[in-house]
Chemist: 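Input: one structure, supplied below.
So that the names make sense, note that chain A is the first sequence line, chain B the second, and so on, each numbered from 1.
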Amino acid sequence: MSDPRSPGARTAASHSASGQSESAHSGSAQSESMQAAPSDAAPDKTYRPAEIEAKHYARWEQSGAFRAGRNSGQPYTIVIPPPNVTGSLHMGHALNNTLQDILIRYHRMKGRDTLWQPGTDHAGIATQMVVERQLAAEGIGLARGETAGGKAKLLSRDEFVARVWKWKEESGGTITRQLRRLGASVDWSRERFTMDEGLSAAVLKVFVDLYRQGLIYKDKRLVNWDPKFHTAISDLEVEPREVKGNLWHIKYPIDGSSDEFIVVATTRPETMLGDTAVAVHPDDERWKRYVGKSAILPLVGRKIPIVADEYSDPEKGTGAVKITPGHDFNDFEVGRRHNLEALNIFTPNAHLNDTVPEPYRGLDRFEARKRIVADLEAQGLLVKTEPHVHIVPHGDRSGVPIEPYLTEQWYVNARKLAEPAIEAVEQGRTVFVPEQWTKTYFHWMRNIEPWCVSRQLWWGHQIPAWYGPDRKVFVAMNEAEARKEAREHYGKDVELARDADVLDTWFSSALWAFSTLGWPEQTPELKRYYPTDVLVTGFDIIFFWVARMMMMSLHFMKDVPFRTVYIHALVRDAKGQKMSKSKGNVMDPLELIDKFGADALRFTLTALAVPGRDIKLAEGRVEGYRNFATKLWNAARYAQMNACVVPADFSLRDVELTQKVNGWIVGELRSAALAFEEALAAFRFNDAAGVLYQFVWGTFCDWYLEFTKPILQGTDAAAKAETRAVTAWALRESLKLLHPIMPFVTSELWERQGFEEGGREGMLMLAEWPDAKAWPADPAAAAELNWIVEVVSQIRTLRSETNVPHAARLAASYKDASPAARDRFQRYADIIRTLARLDSLAPADTVAKGAVQLVVPEATLVLPLAGIIDPAAERARLQKEIKKLEGDVAGIDRRLANPDFIAKADPEVVEENRERRADVEAARSRLVTALGRLEALR
RNA sequence: GGGCACUUAGCUCAGCGGUAGAGCACCGCUUUCACACGGCGGGGGUCGCAGGUUCAAACCCUGCAGUGCCCACCA
């Protein structure tokens, strides 16, 4: 459910749960003592999101930082997929809005003038359905058509609409409150609603213009009729469902013969009352002889023709098919070809009407089915009943089988509007990401059918059409205009009756990209922010919304509504099942926010947002990313406890970093920042999150902060000062990079670290995005530190594998070291000793008895483990290691021995293999030496 | 019936032509002064199956099997 109004979106969080959590939340934020604690005291070890999130959101919003037009930068615009005004936040919203917020926050920090346009949708059927249900519980019905029956009180149209508005005012704020909880930095000052005054005006103008251009017209044909809501629905609102039914074989007596029958097979015997023909295939030998004759319709006695039509499939059923043009789309076409009458045998709620024989009148279509089958059987006309599984179209909202129903409705000529919309994507003016959706879009657009836009409902935009006494239609912006036209037409004033129907909800959302910017007025905002940059939405509404926005926008704005459409996946449960209330597997984003914090939920959804693949969400993942927030929190504590600050005059350009560890972390952060930006540019949100996770935890915390410990505890004042500055700097820049994904914790730490008071930076959300390309990369530092990481890791592995007690501090030495390695051992002695828990580290030429030799790149380490380790275990370790390297060498040798490889492979690849072979062989040979030494000591 | 995805470690998934990766789970060790929501180390995979292309395939092509989704006229 990527969008609120998607067909399967009725799985939302409950109102009460979120309501409770919000009050609990604001309460705790007020009472927390932490807020009052002096900022220089060591903060709590654990990050507690609930205590700070509300505070930050209020601050952001009050500061005006969300507003568009704050600066004169290049505009960057996203329109929110408007959620149902009375809905509440579900996981699809959480994903959808997190991704949009990341893009917006990132571009805002990059200096773009960002507009994230918020708003809500009136959600016609869905909302009317909810309110009708509420009313029904009070014994109140609506004074329209057949719904009236049996209700104590009936509301007029005006009363009902007023009631919906009242409900909208009461519960319309839920979803916007919840978007705040998530951290969405939308421009609330521009919030719109699809039924507010401006947008309603846009809807009217679009309808009138399209009508005048001949692109909206009225037509009488079969529609998908929803007998529960008594309204037409569009093809898209029809949901095929597999149903176990029967195939009934029925004998229709041949007219003029006492013992001949034509046998038809049907899944819907009740519609036979509306049959006006039987069709057989022209080549079907079984029935050919009856073509041109008539059958007597059982139970009715009507004479109906037997016609030849290729629609009839000899393979299916009996090969003879009953034709009911009034209640079947195919039969309608057959009827048209053979000039058959389309009999309407149903009332709007699918009860049999007065065109059928007396005994069946008033029966519901399912009762009628039973009754008719029974009557046929009694008359000996039922040949057999076969169980039959088939697909039956259902209303996606009502859940009842839809009825093909002959009515007059308003249609949009979608085929015409689709032409420029197809062309725009063909030309790449709008691009789908992932690209695979382009195909889906084309397929649908190229086979598009007329869009039925009228709905027999009360909640929505009433169609601006008025009828004169002779049913002549006047389409106009308002009643006065319609009267004027009518007067001109009739030459006098006449009574006009307004069309009672409203428009499909998606009609107004199709205009969203420009109507929210003020269209049809030529506002400065429309000029500045249209077309929008990106639309972020779920694949389930490509047809409902994306395609229709393309059509309407291109028609009225002569330009695409958005340059990129990023299509994200569905959020499923941990087992990959669609979340649904009936399955009870719905995860409530608000509950997860309460439990782990909005940042943790946001990071989780981002890290799982692989393009083109559904998200399987398990609570454990959220917990894991909550832990990540805590890790960051503690890294900041470390910086604070070690008095790390960025000096006012600190600049990477002017300062020569004397400590390689500092040069290294700058280079690592540089790579991470660049990789992050690259990932985001390609909408690879998962990669963007992964890069930062790996940097912060795997590089900055696991290694860099550990490297700083010996320096900060040492005596070299200059080294200490530089390291403090770089630590604070790296933390500061990391907070900027993380902010789009985790706005709350980064903002809190930003303040706690005093980056805000630094004066130059101000609020983190408005801080300048780092220009990582300008930071120095230091390949020499990278090579050195990578070597240190390798050496330390190897010592740790050896200690662990040979069960050296954790507390044991070893006096290590090194031999066979290259000049570079010797230099590094000396310069990094402190760091290696601290991280590998060594007592000392010195050069040595000899190896003491029982010492273990550890082969590292460019050197051999000697560790005095006599008496600590088991020689047999050590031998096994060496042998295992040697065997692995031998395997590696053999593999590379095989490749290098292949003349084709040398001749055809990229020379760089060949060289890489040669180098690797040399390295592996050197290591292997030193291991063999070490093993020999061990054997010699036995 | 047509189309689109997916199938890689116990689980969830990255990788999409040049030494098989992550997170979680699991197993050791570890409660030393950023963090036990932690630290250190480890085990674990013939990358669905069968062919083909290539010096080289988890990655490209073909076929098959399984799973999911979308579209399609309810005999």
Side-chain angles (χ1 to χ4, degrees), chain A residues 42-43 45-47 240 243 245 247-249 264-268 271 279 311-313 316-323 327-333 388 390-393 401-402 404 436-437 439-440 443-444 447 539-540 542-543 570 572 574-576 578 596 607-608 610 612-618 620-621 623-642 686-687 690 693-694 698 701-702 705-706 709 713 793 796-801 803-807 835 837 888 891-892 895 898-906 908-910 912-913 916 920:
Chain A
K45 286 201 263 192
T46 307
Y47 167 55
V243 166
L247 194 55
W248 285 276
H249 294 243
V264 301
T266 180
T267 56
R268 296 201 60 191
T271 63
Y311 161 66
S312 183
D313 181 352
K316 282 186 184 169
T318 62
V321 59
K322 60 192 270 313
I323 299 299
H327 297 287
D328 184 287
F329 290 99
N330 292 307
D331 293 4
F332 187 77
E333 292 305 315
H388 183 66
H390 59 134
I391 307 294
V392 178
I402 68 110
Q436 69 200 56
W437 294 110
K439 220 172 184 174
T440 307
H443 184 257
W444 192 70
N447 297 289
F539 62 81
D540 49 345
I542 289 177
F543 307 142
L570 229 55
R572 297 169 175 280
K575 290 180 204 143
K578 211 167 184 170
F596 301 112
L608 295 176
V610 176
R613 193 157 176 150
D614 283 349
I615 293 178
K616 288 182 195 165
L617 184 63
R621 297 299 291 252
E623 188 181 1
Y625 291 114
R626 186 275 315 270
N627 295 353
F628 175 65
T630 305
K631 188 75 181 175
L632 180 69
W633 178 266
N634 279 292
R637 276 182 79 220
Y638 174 82
Q640 195 167 359
M641 291 163 84
N642 284 285
N686 61 314
D687 285 344
Y693 184 93
Q694 177 54 38
C701 292
D702 285 354
L705 291 184
E706 296 303 322
K709 287 176 182 174
Q713 283 153 24
S793 300
R796 285 171 169 172
T797 302
L798 175 77
R799 292 183 63 123
S800 177
E801 285 191 344
N803 295 320
V804 174
H806 181 73
L835 299 197
R837 305 185 58 79
D888 288 356
I892 302 169
R895 194 170 304 156
N898 181 348
D900 285 333
F901 175 69
I902 305 294
K904 295 182 187 172
D906 188 333
E908 271 180 45
V909 174
V910 175
E912 259 171 42
N913 276 271
R916 186 170 143 66
V920 174

Chemist: Looking at B/G39, B/G41, B/C55, which one has an atom nearest to any side-chain atom of A/Ser800?
Modeler: B/G41
Chemist: Reckon A/Asn447 touches a base, only the sugar-phosphate, or nothing at all at heavy-atom distances under 4.0 Å?
Modeler: nothing
Chemist: When you compare B/C64 with B/C6, how far apart are their C1' atoms, in angstrom units rounded to a whole number?
Modeler: 16 Å
Chemist: Please measure how far the P atom in B/G2 lies from the corresponding atom in B/U46, and state the result in whole Å.
Modeler: 36 Å
Chemist: Find which nucleotide of RNA chain B each of A/Tyr47 and A/Val610 is nearest to by heavy atoms, and output the residue with the more 5' nucleotide.
Modeler: A/Val610
Chemist: Does any nucleotide pair with B/G1 by Watson-Crick or G-U wobble geometry, both distances under 3.5 Å, and what is it?
Modeler: B/C71
Chemist: B/C70 and B/C74: how far apart are their P atoms, nearest whole angstrom?
Modeler: 16 Å
Chemist: At under 4.0 Å, does any side-chain N or O of A/Asn627 touch on OP1 or OP2 of B/G38?
Modeler: yes
Chemist: Take atom CG of A/Asp313 and atom P of B/G1, then tell me their distance rounded to the nearest Å.
Modeler: 13 Å
Chemist: Closer than 4.0 Å, any side-chain N/O of A/Lys631 to the OP1 or OP2 of B/G39?
Modeler: yes
Chemist: On a whole-Å scale, what distance lies between the C1' atoms belonging to B/G42 and B/A34?
Modeler: 26 Å
Chemist: Classify A/Arg796 by what it touches in the nucleic acid, base, sugar-phosphate, or nothing, heavy-atom distance under 4.0 Å.
Modeler: sugar-phosphate
Chemist: Base, sugar-phosphate, or nothing: which does A/Thr318 touch, judged by heavy atoms less than 4.0 Å apart?
Modeler: nothing
Chemist: Measuring from A/Asp328:CG to A/Thr266:OG1, what's the distance to the nearest 0.5 Å?
Modeler: 9.0 Å
Chemist: Which part of the nucleic acid does A/Gln713 contact within heavy-atom distance under 4.0 Å: base, sugar-phosphate only, or nothing?
Modeler: nothing
Chemist: Take atom C1' in B/C26 and the same atom in B/A9, then report the distance between them in whole Å.
Modeler: 12 Å
Chemist: So, the side chain of A/Arg796 versus the backbone of A/Leu835: is there a donor-acceptor pair under 3.5 Å, distance only?
Modeler: yes
Chemist: When you measure from the side-chain N and O atoms of A/Lys439 to the phosphate of B/C4, is any distance below 4.0 Å, counting only OP1 and OP2?
Modeler: yes
Chemist: So if I take every side-chain heavy atom of A/Pro404 and compare against B/C74, B/C73, B/C55, which nucleotide ends up nearest?
Modeler: B/C74
Chemist: Let's test this: given Watson-Crick or G-U wobble pairing with both distances under 3.5 Å, identify the partner of B/G38.
Modeler: B/U30
Chemist: Is B/A65 paired to anything, Watson-Crick or G-U wobble with both distances less than 3.5 Å, and if yes, which nucleotide?
Modeler: B/U7
Chemist: Check the phosphate of B/G42 against A/Thr797, side-chain N and O only, distance under 4.0 Å to OP1 or OP2. Yes or no?
Modeler: yes
Chemist: Looking only at side-chain atoms of A/Arg895, point me to the closest of B/U12, B/G18, B/A75.
Modeler: B/G18
Chemist: Is there a donor-acceptor contact under 3.5 Å linking the side chains of A/Arg916 and A/Asn913?
Modeler: no
Chemist: B/C73 C1' sits how many Å from A/Phe329 CZ, rounded?
Modeler: 9 Å
Chemist: So what does A/Arg799 hit on the nucleic acid, given a heavy-atom distance under 4.0 Å: a base, only sugar-phosphate, or nothing?
Modeler: nothing
Chemist: A/Gln640 has an atom CD; how far is it from atom C1' of B/C33, in whole Å?
Modeler: 16 Å
Chemist: Hunt down the Watson-Crick or G-U wobble partner of B/U53, both distances under 3.5 Å, from any strand shown, or write none.
Modeler: none
Chemist: Calculate, to the nearest 0.5 Å, the distance between atoms CZ and CZ belonging to A/Arg621 and A/Phe596 respectively.
Modeler: 13.0 Å
Chemist: Nearest to the side chain of A/Ile391, which nucleotide is it out of B/G39, B/A72, B/A34?
Modeler: B/A72
Chemist: At what distance, to the nearest 0.5 angstrom, does CZ of A/Arg626 lie from OH of A/Tyr47?
Modeler: 11.0 Å
Chemist: Checking contacts here: which listed nucleotide (B/A75, B/C55, B/C74) is nearest the side-chain heavy atoms of A/Pro393?
Modeler: B/C74
Chemist: Looking across every strand, which nucleic acid part, if any, lies under 4.0 Å from A/Glu801 by heavy atom: base, sugar-phosphate, or nothing?
Modeler: sugar-phosphate
Chemist: Under a 3.5 Å cut-off for both distances, is B/C47 Watson-Crick or wobble paired, and to whom?
Modeler: none
Chemist: What distance separates A/Arg268 CZ from A/Lys322 NZ, expressed to the nearest 0.5 Å?
Modeler: 8.0 Å
Chemist: Measure CZ/A/Arg637 against C1'/B/A36 and give the value in whole Å, please.
Modeler: 13 Å
Chemist: Taking the P atom in each of B/C47 and B/U32, what is the distance between them to the nearest angstrom?
Modeler: 45 Å
Chemist: In whole angstrom, what separates A/Tyr693's OH from B/A14's P?
Modeler: 17 Å
Chemist: Between B/A22 atom P and A/Phe628 atom CZ, what is the distance in whole Å?
Modeler: 17 Å
Chemist: At less than 3.5 Å, do the side-chain atoms of A/Arg621 and the base atoms of B/C24 form a donor-acceptor pair?
Modeler: no
Chemist: Mapping A/Asp906 and A/Ile402 onto RNA chain B by nearest heavy atom, which one lands closer to the 5' end?
Modeler: A/Asp906
Chemist: Enter the distance from A/Lys439:NZ to A/His443:NE2 here, rounded to the nearest 0.5 Å.
Modeler: 10.0 Å
Chemist: Round to a whole Å and report the spacing from CD of A/Gln694 to P of B/A22.
Modeler: 9 Å
Chemist: Let me know the distance between CG of A/Asn330 and P of B/A75, rounded to the nearest Å.
Modeler: 9 Å
Chemist: Name the nucleic acid region contacted by A/Tyr311, choosing base, sugar-phosphate or nothing; use a 4.0 angstrom heavy-atom cut-off, strictly under.
Modeler: base
Chemist: Select base, sugar-phosphate, or nothing to describe what A/Val264 touches, counting heavy atoms under 4.0 Å on all strands.
Modeler: nothing
Chemist: If the C1' atom of B/C24 is compared with that of B/G43, how far apart are they to the nearest Å?
Modeler: 16 Å
Chemist: Which of these nucleotides, B/G23, B/C71, B/C35, is closest to any side-chain atom of A/Phe543?
Modeler: B/C71
Chemist: For nucleotides B/U8 and B/U67, find the distance between their C1' atoms and express it as a whole number of Å.
Modeler: 16 Å
Chemist: From the options B/U32, B/A75, B/G41, select the nucleotide whose nearest atom is closest to the side chain of A/Ser793.
Modeler: B/G41
Chemist: Tell me whether A/Arg837 contacts the main-chain N or O of A/His806 through its side chain, where contact means a donor paired with an acceptor under 3.5 Å.
Modeler: yes
Chemist: Hey, does A/His388 reach any base, or is it just sugar-phosphate, or nothing, if we go heavy atoms under 4.0 Å?
Modeler: sugar-phosphate
Chemist: What about A/Tyr625 and A/Tyr693, are their ring centers closer than 6.0 Å?
Modeler: yes
